[in-house]
Amino acid sequence: MDFTDVVVTALVTVITAVITFLGSEIKKNVQARTIFNVLEPLAKDAVIAAQKLGVTEYLSGAMKKNHAVKAVVQALLDAGFTVKDEQVVINAVEQAYAQQRDLLKQYPQKKED
């Protein structure tokens, strides 16, 4: 085997490894982009659902937030996504609450007995 064959074999091996790595990274980025595209509407819906639940049964603010976070995480899991950083979901839920504060006031909350 001469030197040229060794160089070509090494380059093919390196190029194959790089293409495989880039392919996996692109796939991860597409999945991450998809999660971020669906995260905002999921968080908004979960916040509204938690607020509506507070109409019929007493829920503290922390309980509503927890309910909304769990709903978003479960929806992502049901769609085939894994949630490695729950803080991202928590941030999305908090942002959705802040953006919809006036809308949420239309649902009178049940008082603690």
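Residue numbers run from 1 in the order of the sequence given.
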State the [atom1]-[atom2] distance between [X] and [Y], to the nearest 0.5 angstrom.
X      : Y      : atom1 : atom2 : answer
His67  : Gln51  : NE2   : CD    : 12.0 Å
Asn37  : Leu42  : CG    : CG    : 11.0 Å
Lys64  : Gln109 : NZ    : CD    : 3.5 Å
Gln106 : Ile48  : CD    : CD1   : 8.5 Å
Gln87  : Glu94  : CD    : CD    : 7.0 Å
Gln95  : Glu40  : CD    : CD    : 6.0 Å

key: Other cluster members, Leu53 - Ile/Leu/Val/Met/Phe/Trp/Tyr, side-chain contacts below 4.5 Å   =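 Besides Leu53, the cluster holds Leu59, Met63.
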key: Shortest non-hydrogen contact from Ala92 toward Ala43   =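 Residues Ala92 and Ala43, closest heavy atoms: O-CB, 3.6 Å.
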Side chain to side chain contact (heavy atoms under 4.5 Å, CB included) partner of Val83, chosen from Val69, Leu39, Val73 =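 Running side chain to side chain contact (heavy atoms under 4.5 Å, CB included) over Val69, Leu39, Val73 with Val83 returns exactly one hit, Val73.
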request  = Without swapping roles, check the side chain of Gln100 against the backbone of Ala96 for a donor-acceptor pair under 3.5 Å.
outcome  =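 The answer is yes, because a donor-acceptor pair under 3.5 Å joins these two groups.
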task = State yes or no: do Tyr58 and Tyr107 share one hydrophobic cluster built from I, L, V, M, F, W and Y residues joined by side-chain heavy-atom distances below 4.5 Å, directly or via other members?
result =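 No, because Tyr58 and Tyr107 fall into different hydrophobic clusters, even though each may have its own neighbours under 4.5 Å.
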